[in-house]
Amino acid sequence: MKKDLVKIIEASLRKLGLDTMPPIEFEVPPQESMGDLATPVAMTLSKILKKPPRKIAEEIAASVKDEPVMEKIDIAGPGFINFTFSRTYLYSEIKQLLKYSSSFLRQDIGKRRKVQIEFISANPTGPLHMGHGRGGATGDALANLLSAAGFRVEREYYINDAGKQVKLLGLSVFARYQQLLGIEYPLPEDGYRGAYIEDIAKGIINDHDNRYLQTRFEDAADLFIDYSYKRILNGIKEDLRKFGITFDTWQSERELFRDGEVEKSLEDLKAKGFIYEKDGALWFKATAFGDEKDRVIIKQDGEYTYFTSDIAYHRKKIDRAYDELIDIWGADHHGYIPRVKSVIAALGYPEEKLKVLLVQMVSLLRGGKPVQMSKRTGEFVTLREVIEEVGPDTTKFIFLTRRPDSHLEFDLEVAKTQSAENPVFYVQYANARINSIFSNANEKGIDADKLADADFTLLTQNGELRIIKKLLMYPMIFEGALNNYEPHRITFYLQELSGLFHPYYNKHRVLADDIELARARLALCQAVRVVLREGLGILGITAPEKM
RNA sequence: GCGCCUGUAGCUCAGUAGGAUAGAGCAACUGCCUUCUAAGCAGUGGGUCAGGGGUUCGAAUCCCUUCAGGCGCGCCA
């Protein structure tokens, strides 16, 4: 729809003697009667052409008005050009949509370029929480979006299974283990305290009995650390399974050390002259690339920092020949962006190769009151508990009806009690209703095959034309969601589409007595169903057959 | 103190590379189930786009500033 219009307008601008094309933007006019799409391009050009916008608009309109796709063209307000499409065009487009759904809905923007998207990557030191859920829903939807747009997408989870945090986890479990066996053993100061720590300790008792009773932690560390984080990682995988998110690759931090990636990346940076020694530590010259201070990579005590393995990690990723890397982080890590970007630059790659998307914090409420999250006692509501309470589809939908950078208030009570009238069901219900119509058509013996050959000219009702136009708008929405990394645009679109379908369903009988009309309406329903499923698929939300 | 994000209807949020009379859902109120699923439909009310200045044909959107909330600013991750 937009593509055809752009072509027509560009041709007309060329006729007006313009050789460099300005970006041609479109919007939906505020009132339906004004037309289907409008462009303010005449007002933009007014400065360049030094002519009043309405004059330019008239010239464009005059040279375009004979196009067969156009029903009428109006000039309105300060210089908007309003286009109304001809029915012939709408009917032929909806036919295309039905006949070639996949290429119609999935424009090949990616051209098989490779993108890797890394998300969640929660430390294996505890179950996933709501923040991870939001990052997960967003990352998964973006990956689906990119893949629908013809990119080759890899989803990766980075496992911080080396370093201080998993060690602290092991020590916390070790302490609980001793305590369970009747020994007084202090929990580490900032150790992990959730009930799951005790469960892991019980698991070790179960598998290894009291073999590590009263040994020193140092002598049992490997077992306690490995046992604990692996068990938690399995729990995370189970959380993800329940949430309906899968990954292609799981990159272990330990492996980066084991495979010499960390060493190699340091040598690399050293050779390039971005490493120096100061105060008994080794530093990376991040300020050379716009970061506000240089960063330590080997501490005085000889240990690496978390940043060191992140250098190796991003170096490895970027070396694997991806055209684009996307990292999705919680917004609390935003200060970390210049640091990682500076690594990309130091390694000789353009910074734009890495796109860091921030997903804002989630605050959990119940009935308007904040749910207490205590770090001290380790008491917090996990993602799994929320999924089990409100369901994965509703949970994802709530995450995906907000802009990633808006702060999100997730009220469990609202998510649940609203469930009957929750927007996600509104969308799913439209799909289920259409399925039901098709099974009724089948029972009545109405031929629902080859619907692309139905007589679309019978679709003359306002509700029908509105739906057709909305369906043809999908590629625009898709493109916008993709270019801005904003999957929520799909969510809103699906609500709008459903918001047209339900009233139509209520007002007009799809399975009309007139068989040809029934077939035309079935074709329309089919198109709606295809788009709903496509959109829900991108969001990672199911489209139940029946409800 | 510095930096990032946010502030839009009673509530939760869209709308921001400037565009026309600022939208949706929920909540509130009034109706609609003997024909394809009432998880639905029809209708009503609801706004100082946080405040103030500026830029221009035009600002919720851009700039400056104030206020409010959140998050960062480690040889922690």
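When reading the values below, keep in mind they use all heavy atoms of this one structure, side chains included, and skip hydrogens, waters and symmetry mates. Chain letters run A, B, ... following the sequence lines, proteins first, then strands; residues in each count from 1.
The side chain of A/Lys507 contributes no N or O atom lying less than 4.0 Å from OP1 or OP2 of B/G40. In this model, the phosphate group of B/G74 is not approached by any side-chain N or O of A/Arg295 to a distance below 4.0 Å at OP1 or OP2. Between A/Tyr426 and B/C41 there is a side-chain polar atom (N or O) within less than 4.0 angstrom of OP1 or OP2.
Pair check for B/C49 finds none; no Watson-Crick or G-U wobble contact set falls under 3.5 Å. Across all strands shown, B/A60 remains unpaired; no Watson-Crick or G-U wobble contact has both distances below 3.5 Å. Base pairing annotation: B/G31 forms a Watson-Crick or G-U wobble pair with B/C41, both donor-acceptor distances under 3.5 Å. Nucleotide B/C36 forms no Watson-Crick or G-U wobble pair with any nucleotide shown, as no partner meets the under 3.5 Å limit on both distances. Across all strands shown, B/A20 forms no Watson-Crick or G-U wobble pair with both key distances under 3.5 Å. For B/G72, the paired nucleotide is B/C2, the pair qualifying as Watson-Crick or G-U wobble because both relevant distances are below 3.5 Å. B/C26: Watson-Crick or G-U partner is B/G10, with both key distances under 3.5 Å.
Only A/Lys299, A/Gln300, A/Thr305, A/Tyr306, listed by number, bring a heavy atom of residues 297-306 of chain A to less than 4.0 angstrom from any atom of RNA chain B. Contacts with RNA chain B (heavy atom under 4.0 Å) in residues 486-493 of chain A: A/His488, A/Phe492, listed by number.
A donor-acceptor pair shorter than 3.5 Å can be found between the side chains of A/Lys316 and A/Gln251. Side-chain contact annotation: A/His502 with A/Arg433, donor-acceptor N/O pair under 3.5 Å present. Using a 3.5 Å distance cut-off with no hydrogens or angles, the side chains of A/Ser439 and A/Ser436 do not pair a donor with an acceptor. Side-chain contact, A/Glu253 with A/Asn160: a donor N or O sits under 3.5 Å from an acceptor N or O. No hydrogens or angles considered: a donor-acceptor pair under 3.5 Å links the side chains of A/Asp294 and A/Thr287. For the residue pair A/Thr542/A/Asp393, the side-chain donor-acceptor check at 3.5 Å is satisfied.
Annotation: B/U66 and B/C4 have their P atoms spaced 14 Å apart (nearest Å). For the C1' atoms, the distance linking B/A22 with B/G54 amounts to 23 Å, nearest Å. With both ends at atom P, the span from B/C71 to B/U65 equals 24 Å, rounded to whole Å. Taking atom P on both B/A14 and B/A50, the two are 14 Å apart, rounded to the nearest angstrom. For the C1' atoms, the distance from B/A77 to B/G69 is 26 Å, rounded to whole Å. B/G25 sits 23 Å from B/C33 when the P atoms are compared, rounded to a whole Å. Atom P of B/G31 sits at a distance of 47 Å from the matching atom of B/A68, rounded to the whole Å. Look at the C1' atom in both B/U12 and B/C57: the space between them is 37 Å, to the nearest Å.
The listed nucleotides are B/C5, B/C75, B/G3; the one nearest the side chain of A/Ala281 is B/C75. Between B/C41, B/C13, B/U21, one nucleotide has an atom nearer to the side chain of A/Gln31 than all others, and that is B/U21. Counting only heavy atoms from C-beta on, A/Val296 has its side chain closest to B/C75 among B/C75, B/C4, B/A20.
The aromatic rings of A/Trp329 and A/His314 sit perpendicular, their planes meeting at an angle over 60°, well past the 30° parallel limit. Ring pair A/Phe492/A/His488 is perpendicular by interplanar angle, where above 60° counts as perpendicular and below 30° as parallel. Relative ring orientation between A/Phe274 and A/Phe289 is described as perpendicular, the plane-to-plane angle rising above 60° on a 0-90° scale split at 30° and 60°. Note: A/His508 and A/Tyr504 have tilted aromatic rings, judged against thresholds of 30 and 60 degrees for the angle between ring planes.
Electrostatic pairing of A/Arg519 and A/Asp447 counts as a salt bridge here, judged by a charged N lying under 4.0 Å from a carboxylate O. In this structure, A/Arg366 pairs ionically with A/Glu389, as a charged nitrogen and a carboxylate oxygen lie closer than 4.0 Å.
Both A/Pro29 and A/Met361 sit near RNA chain B, but only A/Pro29 has its closest nucleotide nearer the 5' end.
Residue contacts for A/Glu545: at a heavy-atom cut-off of 4.0 Å it reaches a base atom on one of the strands shown. Base contact: A/His407 has a heavy atom under 4.0 Å from a base atom. Within the nucleic acid shown, A/Lys546 comes within 4.0 Å of at least one base atom, counting heavy atoms only. A/Tyr336 comes within contact range of no nucleotide atom at all, as no heavy-atom separation falls under 4.0 Å. At the heavy-atom level, A/Pro30 lies under 4.0 Å from base atoms of the strands shown. Across all strands shown, A/Asn82 has heavy atoms under 4.0 Å from base atoms, whether or not it also approaches the sugar-phosphate. If you check every strand for non-hydrogen atoms under 4.0 Å, A/Glu496 touches nothing. Counting any heavy atom pair closer than 4.0 Å across all strands shown, A/Glu27 reaches a base atom. Within 4.0 Å (heavy atoms only), A/Ala38 reaches at least one base atom of the nucleic acid. Base contact: A/Ser436 has a heavy atom under 4.0 Å from a base atom.
Evaluation of atom-type donor-acceptor distances gives a pair under 3.5 Å for the side chain of A/Arg403 against the base of B/U16.
Remark: aromatic rings of A/Tyr304 and A/Phe257 are close, center separation under 6.0 Å. The six-membered or imidazole ring of A/Phe284 lies away from that of A/Tyr276, with a centre-to-centre distance of 6.0 Å or more.
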Counting primed atoms plus P, OP1 and OP2 as sugar-phosphate and everything else as base, spell out the protein contacts along nucleotides 55-60 of chain B at 4.0 Å heavy-atom distance: B, S or - for each nucleotide, 5' to 3'.
--B---

Show your reasoning for whether side-chain hydrogen bond (donor to acceptor under 3.5 Å, both in side chains) applies to A/Tyr474 and A/Glu479.
CA-CA 9 Å; A/Tyr474 179 84; A/Glu479 206 186 340; over 6 Å; no

